[in-house]
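Remarks on the structure that follows.
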Amino acid sequence: MQLLNKRPESLLDLKMHYCPGCGHGIVHRLIAEAMDDLGIRARTICVAPVGCAVFADAYFNCDTIQGAHGRGPAIATGLKRSKPDTIVFSYQGDGDLASIGMAEIVHAAIRSENITVIFINNAIYGMTGGQMAPTTLIGQKATTCVEGRTAKQAGYPIRMCELLATIDGAAYLERTSVHTAPGVLKTKAAIKKAFQNQVDCKGFSMVEVLSMCPTNWGTRLDNPSEATKFVAEGMLPVFPLGVYKDAQKQG
Amino acid sequence: MSEKKLMKGNEALAEGAVRAGCRFFAGYPITPQNEVPEYMSWRLPQVGGAFIQSESEVAAINMIYGAAATGKRCMTSSSSPGISLKQEGISYCAGADLPFLVANVVRGGPGLGNIAGSQSDYWQSTRGGGHGDYRLFVMAPNGANEMGNFPQKCYEVAFKYRVPALVLADGIIGQMMEPVEFKDPEVDVTTLKEPDWALGVNNSRAKRQVKSYDLREGYLEIMVRERAKRYKQIEENEVLYEEKMLEDAEVALVAYGTSARVSMAAMKMAREKGLKVGLFRPITLWPYPKKRLIELSGRIKKFIAVEMSLGQMVEDVRLSLNGRGEVYLHSKPGGSVITAEEVLATIEGVMKKGAKEYAAIK
Ligand SMILES: Cc1ncc(C[n+]2csc(CCOP(=O)(O)OP(=O)(O)O)c2C)c(N)n1
Ligand code: SF4
């Protein structure tokens with residue numbers, strides 16, 4: 001038998017705790033592959049969030065630090081400025097990055113911190129049981145908006161790539177998705193680029209990944225691919241994929 | 001002998017930290033501590049360090065959490081409302097066993113309060129302040145000279161026991177100018193060994209993790225108890241205090257920081273009147289010099305806590321003595337300055353008129 005796709009060295013051989021059909025595990029693997037491809041594992045520090053990815057610190061085969069809800073970009077700033085020879089990435093959910101940690105992400109971009117941010121947008125709070133996130137769609141049901149989110153009561157979903165694109169310090173912003181195979185490949189390329197930017201000292205780079213949360217979306221757990229429909233039909237129209245900023249290209 | 005320099009308390013603190021090896025500072029402006037970040041902004045780049053004016057106190061302390069995890073000596077400073085915001089990160093640092101230095105140049109509170117010097121953050125400083133079971137090593141300077149010299153000790157203790165260290169000053173000490181003499185030789189950071197838990201470039205060693213959680217059943221308890229053992233060692237080994245004229249004293253004033261300076265003046269005035277008064281000044285507020293207070297209670301029966309607050313440290317005096325003496329309180333909250341005359345009046349009241357008018361705190 002021929003082994004076609006071996007485990008990346010940057011990912012430890014541990015059973016992950018994510019639900020079947022969740023996007024977190026896929027993105028973990030893509031990050032690990034990017035670290036391997038660029039040969040940066042030995043000098044990379046992962047800033048793990050709270051939320052479903054709280055145990056990301058266990059899975060990656062590099063130094064890790066786990067921080068407070070939303071503070072990843074500040075922690076990454078402290079790490080990177082103290083040890084500039086390291087490669088620092090923060091991994092954050094939408095509750096983490098777009099709600100409680102909004103100030104931290106915006107100001108890390110303003111300072112153009114030379115860090116890499118991987119932002120998992122699943123339009124819900126996963127770990128705490130499916131409450132409304134700042135990215136929850138209008139009409140989407142969550143445990144704190146059981147009839148569906150209304151703009152009148154809770155405002156509109158926030159688009160982080162578009163918001164950060166207005167900031168001069170943001171060097172690279174791309175939104176991708178992992179609900180299809182081509183989307184996974186594009187996500188890998190984006191993550192790799194976001195790391196490469198850091199290696200080349202290009203400044204703040206963020207990849208926003210649209211990701212599935214079959215459990216808290218209430219889609220059929222016996223058929224997690226049902227959740228990919230929610231990404232395609234519900235999320236894509238609100239969160240269009242693409243490159244929102246590439247300072248390099250703009251010259 | 002090193003030379004003496006006229007310095008503001010806040011500047012002395014910043015310079016003292018740099019000399020003690022601090023190479024990263026993150027902070028956010030708030031009166032009356034602004035000279036600390038201002039000084040650091042030009043001084044740190046001179047020694048190859050990094051300075052960041054963060055977007056908030058919350059961000060600043062989390063930058064410290066990251067910087068401290070690399071094993072570097074780092075620092076943040078603020079004043080009362082800002083320290084309240086930093087409590088989240090301080091708790092995380094304590095939970096992750098990260099050493100660093102934080103300074104609180106206290107102003108009047110609660111709330112926005114005022115910008116005058118106060119001592120009303122004593123409980124917050126010595127009882128944790130943030131969530132969870134933890135302690136900080138807390139030093140209380142009584143002037144610019146100690147502001148300059150305490151960072152060294154703070155880093156030593158912080159790294160030895162892996163706990164955050166706090167300098168608890170107040171607005172008066174931060175703003176006063178005094179001759180400062182840096183006693184310890186400047187730390188050469190290239191000689192500092194990288195701690196075996198520090199995150200960074202990992203060529204052959206196993207991965208390292210910094211975290212403040214352990215969700216496995218019973219494991220957090222083990223972690224918290226392990227840390228408590230280190231707290232016990234700090235209580236055994238790191239207590240500091242100063243005594244003045246206690247040998248023959250009938251009354252001991254107990255005060256720290258600015259209150260101790262005022263109490264010293266009151267003590268001198270009392271001595272001129274023939275009253276046998278001495279001063280006991282805790283230098284570490286946690287660990288509190290309990291054992292020494294108990295020893296003193298063998299021959300001194302009256303203790304007056306002097307505080308620029310409603311009376312917070314007085315509880316530690318009472319807890320230490322546990323009924324072994326009478327404990328009185330001279331207090332002034334709200335950022336108002338205590339005068340030596342006022343303290344003298346309390347001393348005379350306690351000594352001459354007895355306990356009735358100046359009821360002992362029960
Ligand atoms: C200060 C603070 N507030 C609230 C929480 C509780 N909490 C943990 S995870 C979470 C939501 C996480 O959602 P998200 O960032 O979208 O990640 P996901 O779980 O969906 O992957 C919340 C609110 C916390 N840990 N800390
Ligand atoms: S709750 Fe949602 S985000 Fe969390 S692991 Fe399960 S599927 Fe993934």
Side-chain angles (χ1 to χ4, degrees), chain A residues 9-12 14 17 35 39-50 54-88 90 100-111 113 115 127, chain B residues 22-26 28 44 48-74 76 86-93 95-96 98 100 130-131 194 197-216:
Chain A
E9 200 198 338
S10 298
L11 202 62
L12 291 168
L14 295 169
H17 68 286
M35 282 160 68
I40 53 172
R41 186 191 67 80
R43 59 178 176 129
T44 297
I45 304 175
C46 160
V47 184
V50 304
V54 65
F55 298 130
D57 63 348
Y59 302 144
F60 290 109
N61 186 14
C62 63
D63 283 1
T64 60
I65 181 168
Q66 190 280 329
H69 197 28
R71 315 296 177 225
I75 297 165
T77 299
L79 286 162
K80 186 74 185 183
R81 297 275 190 127
S82 294
K83 280 224 167 138
D85 50 345
T86 56
I87 298 295
V88 181
S90 80
I100 191 167
M102 182 61 109
E104 283 78 6
I105 193 69
V106 166
H107 284 271
I110 290 172
R111 290 189 305 268
E113 289 297 339
I115 59 169
M127 176 177 245
Chain B
C22 175
R23 290 297 179 269
F24 180 87
F25 181 97
Y28 186 82
L44 273 175
F51 164 87
I52 301 183
Q53 179 170 323
S54 62
E55 64 271 29
S56 70
E57 286 87 351
V58 175
I61 190 66
N62 281 283
M63 289 173 186
I64 295 295
Y65 179 74
T70 68
K72 296 274 169 70
R73 295 191 170 188
C74 56
T76 185
K86 286 191 206 282
Q87 294 300 344
E88 170 192 274
I90 293 174
S91 167
Y92 274 74
C93 287
L98 293 177
F100 72 96
H131 62 284
E194 184 181 271
W197 44 262
L199 305 184
V201 180
N202 141 23
N203 284 321
S204 49
R205 61 167 169 80
K207 73 180 264 187
R208 290 175 181 165
Q209 279 179 265
V210 168
K211 57 182 185 174
S212 65
Y213 75 89
D214 201 324
L215 300 183
R216 294 171 299 169

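A note on names: the letters A, B, ... follow the listed sequences, proteins ahead of strands, and every chain is numbered from 1.
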**OP:** Applying ring pair (Phe, Tyr, Trp, His ring centres under 6.0 Å), name anything that partners B:Phe24, two or more places apart in sequence or on another chain.
**Re:** none
Original post:
Less than 4.5 Å apart, any side-chain heavy atom of A:Leu12 and any of B:Lys207?
Top reply: yes
Subject >> B:Tyr92 portion near chain A, given a 4.5 angstrom heavy-atom threshold >> reply: side chain
**OP:** Return the minimal non-hydrogen interatomic distance between A:Ser82 and B:Thr70, and the atom names on each side.
**Re:** CB-OG1, 3.4 Å
Subject >> Atom group of B:Arg23 that falls short of 4.5 Å from chain A, counting heavy atoms >> reply: neither
Original post:
For the atom pair CZ (B:Arg208) and SG (A:Cys62), what is the distance rounded to the nearest 0.5 Å?
Top reply: 13.5 Å
Original post:
Just wondering, do A:Phe55 and B:Leu215 contact through their side chains at under 4.5 Å, heavy atoms?
Top reply: yes
Original post:
Any salt bridge (Lys or Arg N to Asp or Glu O under 4.0 Å) pairs touching residues 58-71 of chain A, not counting sequence neighbours?
Top reply: A:Asp63-B:Arg205, A:Arg71-A:Glu104, A:Arg71-B:Glu88
Subject >> Smallest separation among heavy atoms of A:Val54 and B:Tyr213, with atom names >> reply: O-OH, 3.7 Å
**OP:** Determine the minimum heavy-atom distance between B:Gly66 and A:Leu79, stating which atoms define it.
**Re:** O-CD2, 3.2 Å
Subject >> When A:Gly72, A:Cys46, A:Ala58 are compared by non-hydrogen pairs under 4.5 Å with chain B, the top option >> reply: A:Ala58
Original post:
So what's closer than 4.5 Å to chain B heavy atoms on A:Val47: side chain, backbone, both or neither?
Top reply: neither
Original post:
Which heavy atom of A:Ala68 sits nearest a heavy atom of B:Asn62, and at what distance?
Top reply: CB-OD1, 4.2 Å
Subject >> Structural part of B:Phe51 lying under 4.5 Å from a heavy atom of chain A >> reply: backbone
**OP:** Look at B:Lys211, B:Glu55, B:Lys72 and state which one has the largest set of heavy-atom pairs under 4.5 Å with chain A.
**Re:** B:Glu55
Original post:
Relative to chain B, which of A:Ile65, A:Asp85, A:Val88 shows the most heavy atom pairs under 4.5 Å?
Top reply: A:Ile65
**OP:** Report the option among A:Ala108, A:Ala48, A:Gly67 that has the most heavy-atom pairs separated by less than 4.5 Å from atoms of chain B.
**Re:** A:Gly67
Original post:
Pick from A:Thr86, A:Asp57, A:Thr77, A:Asn61: which one has the most heavy-atom pairs with chain B under 4.5 Å?
Top reply: A:Asp57
Original post:
Given side chains that start at C-beta, do those of B:Ile52 and A:Arg111 come closer than 4.5 Å, heavy atoms only?
Top reply: yes
Original post:
For chain A, which of B:Ser91, B:Ala50, B:Ala59 has the most heavy-atom pairs under 4.5 Å?
Top reply: B:Ala59
Original post:
Side chain of A:Lys83, backbone of B:Leu199: donor and acceptor closer than 3.5 Å?
Top reply: yes
